[in-house]
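Working notes, structure below.
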Amino acid sequence: MKIALPRKVMMIINNLQLHGYEAFAVGGCVRDSILARRPEDWDITTSARPEEIKKLFRRTVDTGIEHGTVTVLLGKDSYEVTTYRIDGAYEDSRHPKEVRFTNRLEEDLRRRDFTINAMAYNDDVRLVDVFGGMKDLNHHLIRCVGDPKERFSEDALRILRAVRFSAQLNFPIEPETAEAVKELAPTLENISAERIQTELVKLLVSPHPERIQDAYELGITKVILPEWDAMAGVEQNTPHHKYDVAGHTLQAMKNIKRDKILRLTMLFHDMGKPAVKQTDEAGRDHFKGHALVSEEIARRIMRRLKFDNDTVKKVTRLVCYHDYRMEATPANVRRAMNRIGVELFPYYLAVRMADVKAQSTYKRREKIENIVAVRELYQQALINEECVNLRQLAVSGRDLMNLGMRPGREMGSMLSELLEYVIDDPARNTKEALCAYARERIDAQKETE
């Protein structure tokens with residue numbers, strides 16, 4: 001098998017070989033190349049020791065030198081070059097206490113997580129596949145290298161990575177590996193929130209986010225996302241739905257594009273439903289106020305998993321407004337743009353569409369026509385540069401001060417009132433019209449005092 005290595009990767013491998021060392025591209029880049037996917041990174045493994053690697057390349061960074069990793073810089077690109085190693089005992093379900101360097105490639109490949117990630121390649125030797133990675137690629141299986149319990153005991157994050165790779169590649173997890181996942185899932189408690197977040201997001205933005213159901217069935221979500229388990233099996237006896245809450249969520253995630261903000265929004269959008277579910281005398285279920293409860297749950301989970309503030313802000317806002325419906329009129333759409341935000345409005349429309357498509361066919365056409373009409377009015381508002389926020393208002397606080405109004409709560413209320421006045425009719429957004437309106441309101445206020 002021939003893999004087309006990038007020029008700079010070949011330069012690194014050739015340089016190491018010229019000085020008497022072995023060197024191979026290794027891991028995910030080999031796997032992705034075989035699958036005709038574009039590798040995100042190219043990692044290189046070598047028999048050279050870190051200090052020897054550093055001597056052979058002009059620009060290097062000691063990114064993980066205690067574990068044998070040196071980053072080689074070539075132009076604007078960087079490549080991790082790691083010495084063949086054997087990991088010592090793992091004490092925290094994540095990191096080896098020590099590593100020992102070795103001259104044997106097979107020993108280095110033996111410590112890796114899954115067979116499909118334990119292959120190496122260079123143009124001289126071609127593919128090195130000691131643990132059956134090609135066979136598992138051909139059979140579409142996620143299988144641990146060696147004893148799965150041993151692999152997962154070494155690094156509990158591999159448990160979540162198994163499901164993540166399954167979602168990215170649409171490969172089922174091999175039965176013995178799945179059994180080990182189920183048994184050792186509780187050890188994910190030892191993994192940092194940041195690591196969990198990274199793997200969860202990769203799973204969600206994969207081509208198959210519905211594989212989170214596997215994480216539920218294997219006991220993973222019970223540890224890292226118990227809020228998912230709370231949704232499982234919660235029926236929605238209403239004409240608008242045909243799935244339980246978790247099933248609807250799976251469909252909604254599949255219906256939306258592979259974007260971090262959008263997939264997280266769909267994951268969280270109905271998590272408040274179990275807490276607010278009520279069933280009337282006719283046996284029909286109601287979930288009043290679920291959007292606000294879902295917003296709070298989403299905020300709590302994202303804080304727990306150490307998401308950045310911008311992601312938390314955008315996702316919680318979209319979760320809050322995911323069920324916000326309106327008659328498609330220009331004023332209603334401008335008001336919604338003000339509440340949700342101009343930047344987030346296209347996301348809101350995508351969220352609503354994904355939500356509707358994951359429901360039953362009851363009134364589906366009517367709902368979709370409404371979303372399409374709202375989208376057209378939103379686009380028209382942008383083209384016409386219609387005012388939907390204070391920044392676009394033709395007057396400012398300084399203009400109101402010139403009319404005799406003092407800074408403070410009263411001025412803030414007046415600016416908000418002027419914005420509502422303009423949202424109702426964009427033609428009113430002129431300095432003259434707004435100052436006249438404000439003067440009239442100020443005079444009326446004085447008469448009542």
Side-chain angles (χ1 to χ4, degrees), residues 40-41 76 78 157 160-161 164 167-168 188 191-207 209 212 215 221 224-228 231 249-250 252-272 290-324 333-355 358 371 374-375 378-379 381-382 385-393 412 415-416 419:
E40 289 182 19
D41 302 297
K76 295 179 180 178
S78 61
L157 188 63
L160 188 50
R161 280 167 61 85
R164 188 257 285 184
Q168 288 179 325
L188 279 165
I191 301 300
S192 72
E194 293 87 350
R195 293 282 188 173
I196 298 290
Q197 179 213 124
T198 298
E199 292 297 326
L200 179 62
V201 168
K202 285 180 179 179
L203 191 164
L204 293 176
V205 300
S206 75
I212 195 171
T221 54
I224 67 165
L225 195 66
E227 295 83 358
W228 178 273
M231 292 195 297
T249 300
L250 290 175
M253 286 193 293
K254 286 166 64 178
N255 288 342
I256 210 155
K257 71 177 182 178
R258 293 166 59 183
D259 173 272
K260 175 182 172 180
I261 299 298
L262 291 174
R263 288 276 172 94
L264 283 167
T265 299
M266 301 326 294
L267 172 69
F268 298 134
H269 81 286
D270 276 355
M271 276 191 173
H290 80 273
L292 290 175
V293 179
S294 298
E295 178 192 6
E296 282 308 306
I297 291 172
R299 182 176 288 106
R300 184 176 73 234
I301 292 170
M302 287 192 288
R303 293 287 183 221
R304 184 175 78 221
L305 294 180
K306 308 291 175 65
F307 277 89
D308 62 277
N309 290 335
D310 184 60
T311 299
V312 173
K313 182 180 177 182
K314 287 176 179 174
V315 171
T316 52
R317 194 164 194 80
L318 288 167
V319 170
C320 176
Y321 283 101
H322 82 269
D323 205 31
Y324 183 67
V333 172
R334 287 191 293 270
R335 191 158 280 110
M337 289 167 68
N338 170 255
R339 290 179 180 175
I340 297 166
V342 175
E343 179 195 355
L344 278 183
F345 206 79
Y347 286 75
Y348 155 77
L349 292 170
V351 164
R352 276 201 62 204
M353 187 67 81
D355 196 12
I371 296 167
V374 168
R375 182 189 291 133
Y378 159 73
Q379 291 168 342
L382 290 182
E385 297 183 348
E386 293 171 6
C387 175
V388 296
N389 55 47
L390 290 173
R391 211 168 47 249
Q392 296 171 298
L393 208 57
L415 286 169
S416 296
L419 179 58

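Quick note: numbers below take in every heavy atom, side chains included, and nothing from hydrogens, waters or symmetry partners. The first residue of the sequence shown is numbered 1, and numbering continues consecutively from there.
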Set of side-chain contact (heavy atoms from CB on, under 4.5 Å) partners for Thr198, sequence neighbours left out: Lys202
Shortest non-hydrogen contact between Ala298 and Val319, atoms and distance: CB-CG2, 4.4 Å
Full working for side chain to side chain contact (heavy atoms under 4.5 Å, CB included) between Leu225 and Arg304: CA-CA 10 Å; Leu225 195 66; Arg304 184 175 78 221; 4.1 Å; yes
Donor-acceptor under 3.5 Å (Thr311 side chain, Phe307 main chain): no
Flag, side chain of Arg263 to backbone of Ser206, donor-acceptor distance under 3.5 Å: yes
Note, Val312 side chain near Arg303 side chain (heavy atom, < 4.5 Å): yes
Non-hydrogen side-chain atoms of Leu292 and Cys320 separated by less than 4.5 Å: yes
Side chain proximity check, Gln392 to Glu386, heavy atoms < 4.5 angstrom: no
Nearest-0.5 Å distance, CZ of residue Arg258 to CE of residue Met253: 13.5 Å
Residue pair Thr249, Trp228: steps toward the side chain to side chain contact (heavy atoms under 4.5 Å, CB included) verdict: CA-CA 10 Å; Thr249 300; Trp228 178 273; 3.7 Å; yes
N/O donor-acceptor pair under 3.5 Å between Asn338 side chain and Val388 backbone: yes
Atom of Ala252, atom of Ala358 and distance for their closest heavy-atom approach: N-CB, 3.6 Å
Any donor-acceptor N or O pair under 3.5 Å, side chains Arg352, Tyr324: no
Gap between atom CG of Leu157 and atom CZ of Arg161 - 0.5 Å precision: 6.5 Å
All pairs passing ring pair (Phe, Tyr, Trp, His ring centres under 6.0 Å) where residues 252-271 contributes a residue, at least two apart: His248-His269, His269-His322
Minimum heavy-atom distance between Ile256 and Ala350, given as atom pair plus value: CD1-O, 3.5 Å
Within-4.5 Å side-chain heavy-atom neighbours: Met302 and Asp308: no
Spacing of Glu227 atom CD and Ile301 atom CD1 [to the nearest 0.5 Å]: 3.5 Å
Glu40 CD: over 12 foreign heavy atoms closer than 6.0 Å: no
Between Arg334 and Asn389: side-chain donor-acceptor atoms closer than 3.5 Å: no
Ionic contact status for Arg317 with Glu295, cut-off 4.0 Å: no
Between NZ on residue Lys314 and CG on residue Asn309, distance to nearest 0.5 Å: 12.0 Å
Pair Leu382-Val342, side chain to side chain contact (heavy atoms under 4.5 Å, CB included): steps then yes or no: CA-CA 9 Å; Leu382 290 182; Val342 175; 3.8 Å; yes
Point-to-point distance, once rounded to the nearest 0.5 Å, from CG of Leu204 to CD of Glu199: 11.5 Å
Residue Lys260 excluded, over 12 heavy atoms near NZ under 6.0 Å: yes
Taking every non-hydrogen atom, the tightest pair across Asp259 and Val205: C-CG1, 4.0 Å
Heavy-atom pair with the smallest gap, counting every atom of Gln197 and Leu305: NE2-O, 2.9 Å
Intermediate values then yes/no, side chain to side chain contact (heavy atoms under 4.5 Å, CB included), Thr265 and Tyr347: CA-CA 10 Å; Thr265 299; Tyr347 286 75; over 6 Å; no
Rounded distance [0.5 Å steps], NE2 in His290 versus CD1 in Ile297: 10.5 Å
Between Arg164 and Gln168, a side-chain donor and acceptor under 3.5 Å: yes
ring-ring contact (aromatic ring centres under 6.0 Å, His included) partners of Tyr348, counting only residues at least two apart: Phe345
Minimal non-hydrogen separation, Met337 against Ala381, with atom names: SD-CB, 3.9 Å
